[in-house]
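Since the structure comes first, as structure tokens, the remarks are kept for the end.
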Amino acid sequence: EAGVVQSPRYKIIEKKQPVAFWCNPISGHNTLYWYRQNLGQGPELLIRYENEEAVDDSQLPKDRFSAERLKGVDSTLKIQPAELGDSAVYLCASKKQGPGGETQYFGPGTRLLVL
Amino acid sequence: DAKTTQPPSMDCAEGRAANLPCNHSTISGNEYVYWYRQIHSQGPQYIIHGLKNNETNEMASLIITEDRKSSTLILPHATLRDTAVYYCIVVKAAGNKLTFGGGTRVLVKP
């Protein structure tokens, strides 16, 4: 079974530029998460999707961040414009929908450096 | 969700058991204890979870105290590849969210 796929793995941009990250979850996983992980800290949830619906985006900085999951499968997270403080690892995770716990499967992440 | 407290770091010897403690004194009856780990440059990986009974799988064992206020993750025979940050997380049964703390940075030494 293929795991969660993310691309790119690394991205270096200058501040004020836009950037996008892509995630393809495990097949059959209806729930998709985006996390941000700053250096030396644990991941922090940005947004959670159930199928194509964003059901928890309370931690997403909506002035510059946006996300979509149009067909309820893969997802894109965008930052426009990027700021120096956005340098972090952006992780995508997925799990099967419904009760039964929080066994989430994480991708390798995209490491973003904003110069 | 209940907050957890873990030591920031610990060392263990290769081949020996590694015992990772976690305090969750405010845990409520419908909350589970989950353990994840994150190896350098990888995403977090699920290890094990439990409610009140001890649990064991191919990766580790989870011992939860009778009052459920603390737990211990046991890696029975630590290898160098077990070097990672280990996160103890308390999750509501009907929840849909993992709230990561700082975790314990475990270094397995030869």
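Residue numbering restarts at 1 for every chain, and letters A, B, ... go by the order of the sequence lines.
For residues 64-78 of chain A, the pairs satisfying salt bridge (charged side-chain N to carboxylate O under 4.0 Å, His left out) are A:Arg64-A:Glu83, A:Arg64-A:Asp86, with sequence neighbours left out. Applying the disulfide bond (SG atoms under 2.5 Å apart) test to every pair with at least one member in residues 17-59 of chain A, sequence neighbours left out, gives these pairs: A:Cys23-A:Cys92.
No part of B:Tyr32 comes within reach of chain A, as not one of its non-hydrogen atoms sits under 4.5 angstrom from that chain. Heavy atoms of A:Gln37 lying under 4.5 Å from chain B belong exclusively to its side chain.
Chain B forms more heavy-atom pairs under 4.5 Å with one residue of A:Pro108, A:Gly107, A:Pro43 than with any other, namely A:Pro43. Annotation: maximal heavy-atom pairing with chain B below 4.5 Å, among A:Gln104, A:Arg111, A:Gln41, occurs at A:Gln104.
At a heavy-atom cut-off of under 4.5 Å, chain A is reached by B:Ser41, B:Gln42, B:Gly43, B:Pro44, B:Tyr46 from residues 40-47 of chain B, listed in order of number. The interface of residues 9-20 of chain B with chain A, defined by heavy-atom distances below 4.5 Å, is empty.
In this structure, A:Lys95 NZ and B:Leu98 CG are separated by 8.0 Å, a value rounded to the nearest 0.5 Å. For the atom pair A:Thr103 OG1 and B:Tyr36 OH, the distance stands at 5.0 Å (nearest 0.5 Å).
Cluster membership for A:Val89 and A:Leu77, using ILVMFWY side-chain heavy atoms within less than 4.5 angstrom, is not shared. Linking ILVMFWY residues whenever their side-chain heavy atoms come closer than 4.5 Å, directly or via other members, leaves B:Phe100 and A:Leu32 in distinct clusters. Tracing side-chain contacts under 4.5 Å through hydrophobic residues (I, L, V, M, F, W, Y), one never reaches A:Leu45 starting from A:Leu112; they form parts of separate clusters. Placement of A:Phe21 and A:Tyr35 in two distinct hydrophobic clusters is found when ILVMFWY residues are connected by side-chain heavy-atom separations under 4.5 Å, directly or transitively. B:Tyr86 and B:Leu62 fall within a single hydrophobic cluster, where Ile, Leu, Val, Met, Phe, Trp and Tyr are joined by side-chain heavy atoms under 4.5 Å apart, directly or via other members.
Within 6.0 Å of atom CG in A:Leu39, 12 or fewer heavy atoms from other residues, nucleotides or ligands are found, so the atom counts as exposed in its surroundings.
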